[in-house]
Amino acid sequence: MAWGGCRRPGDAAARQAGHKGECRLDSDELSRFSLEALLDAGTRRQWSTGSALMNEGDRSDHVVIIHAGRVKVTSAAESGKQVLLAIRGPGDLLGEFSAIDGRARSATVTALSAVSATVVPGQAFRAMLRTDGRAAFAMLQVVIHRLREADVQRLEYGAHTVTERVSRLLLDYAARYGQADDDRVVITLPLTQDELAHAAGASREAVAKSLRLLRDRKAVRTGRRRIELLQLGLLAELAGGVPSVYSDADGPGRPERT
């Protein structure tokens with residue numbers, strides 16, 4: 001959930017990815033009083049890179065509104081490995097599920113960079129939803145959007161090759177977090193290759209092989225926690241033209257080989 005507005009990115013990377021935009025809460029959808037009251041009820045905090053904003057299994061009900069910086073959302077698999085679920089940034093709201101249903105945290109949130117955010121007590125957040133129908137409806141929209149994302153992601157894991165998934169993931173990251181640099185897009189998210197593999201739903205070895213193929217095709221250039229997208233059109237072609245995990249789940253798709 002985020003305080004920024006449902007939007008369709010207009011940059012080249014977004015268009016090549018077939019990216020249909022993020023569903024974000026816009027302050028226009030909330031009464032100014034409710035938004036200001038929510039922020040006034042919170043406390044501004046700072047986290048350094050690597051610090052945990054929330055831990056899976058914790059029994060807490062506060063929410064966090066990010067103002068600056070980026071975080072990764074991970075969850076522990078049965079094997080004990082941390083699986084990357086999402087990356088969130090400025091405007092995003094974290095922890096709303098536990099604030100509403102009172103259950104333990106379902107994921108760990110870790111700062112990828114220095115983070116500035118407001119921590120709002122769960123009681124204040126719930127009071128806003130009870131008294132402001134527009135806020136409650138806007139949050140319902142975001143929850144539905146995330147469920148649609150999950151449906152598309154499950155389809156991708158079972159129906160498409162690792163190279164297609166990696167290509168699509170890189171285009172998504174470029175649309176969301178990339179920096180344009182002449183005729184290329186640079187992604188500098190501090191993710192390990194294991195985390196990239198988890199995000200693509202593949203083994204580390206399979207992802208390494210796909211990245212090698214993309215380098216050989218001169219579609220990307222990789223460095224330490226840095227990936228440069230050199231040919232967005234080629235990446236889109238290799239992605240197979242199917243919806244990304246961040247696109248509308250109702251969009252067109254085609255089942256393909258595993």
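Worth knowing before you read on, the calculation uses all heavy atoms, side chains too, and leaves out hydrogens, waters and symmetry mates. Everything quoted here is computed from the prediction, not taken from an experiment.
Between Met128 and Val120 there is no side-chain heavy-atom pair separated by less than 4.5 Å. Side chains of Val109 and Val64 form no contact here, defined as non-hydrogen atoms less than 4.5 Å apart. Looking at Leu112 and Leu191, their side chains come closer than 4.5 Å, going by heavy atoms from C-beta outward. Between Asp61 and Arg126 there is a side-chain heavy-atom pair separated by less than 4.5 Å. The closest side-chain heavy-atom distance from Gln46 to Ser116 is below 4.5 Å. For the pair Leu214 and Leu170, the minimum side-chain heavy-atom distance is below 4.5 Å. Put simply, the side chain of His67 reaches to within 4.5 Å of the side chain of Thr118, judged on heavy atoms. At a threshold of 4.5 Å between non-hydrogen side-chain atoms, the residues Leu238 and Arg217 count as touching.
Minimum heavy-atom separation, Ala206 to Val162: O-CG1, 3.9 Å. Thr163 approaches Leu213 most closely through the heavy-atom pair CG2-CD2, 4.3 Å. Contact detail for Ala41 and Ala124: the closest heavy-atom pair is CB-CB, 3.8 Å. Scanning all heavy atoms of the two residues, the minimum distance from Val185 to Ala174 falls at CG1-CB, 3.8 Å. Considering all non-hydrogen atoms of both residues, Ala117 and Trp47 come closest at CB-CZ3, 3.6 Å. Between Val115 and Ala111, the shortest heavy-atom distance links the atoms CG2-CB, 3.7 Å.
Interatomic distance, OG1 of Thr161 versus CZ of Arg165, reported as 7.0 Å (0.5 Å rounding). Atoms CD1 and CG, from Ile227 and Leu211 in turn, are 5.5 Å apart once rounded to the nearest 0.5 Å. Within the model, atoms OG1 of Thr74 and CD1 of Ile87 stand 11.0 Å from one another, a figure rounded to the nearest 0.5 Å. For the atom pair OG of Ser75 and NE2 of His198, the computed distance is 11.5 Å after rounding to the nearest 0.5 Å.
Transitive grouping of hydrophobic side chains (ILVMFWY, heavy atoms separated by less than 4.5 Å) keeps Leu196 and Val186 in distinct clusters.
In terms of the side-chain hydrogen bond (donor to acceptor under 3.5 Å, both in side chains) criterion, Arg212 has no residue partners (sequence neighbours excluded).
Looking only at distances, no side-chain donor or acceptor of Ser98 sits under 3.5 Å from a matching main-chain atom of Gly95.
Heavy atoms from other residues, nucleotides or ligands lying under 6.0 Å from CD of Gln193 number more than 12.
Under the salt bridge (Lys or Arg N to Asp or Glu O under 4.0 Å) criterion, the residue pairs touching residues 181-195 are Lys72-Glu195, Asp181-Arg184, Arg184-Glu228, Asp194-Arg204, with sequence neighbours excluded.
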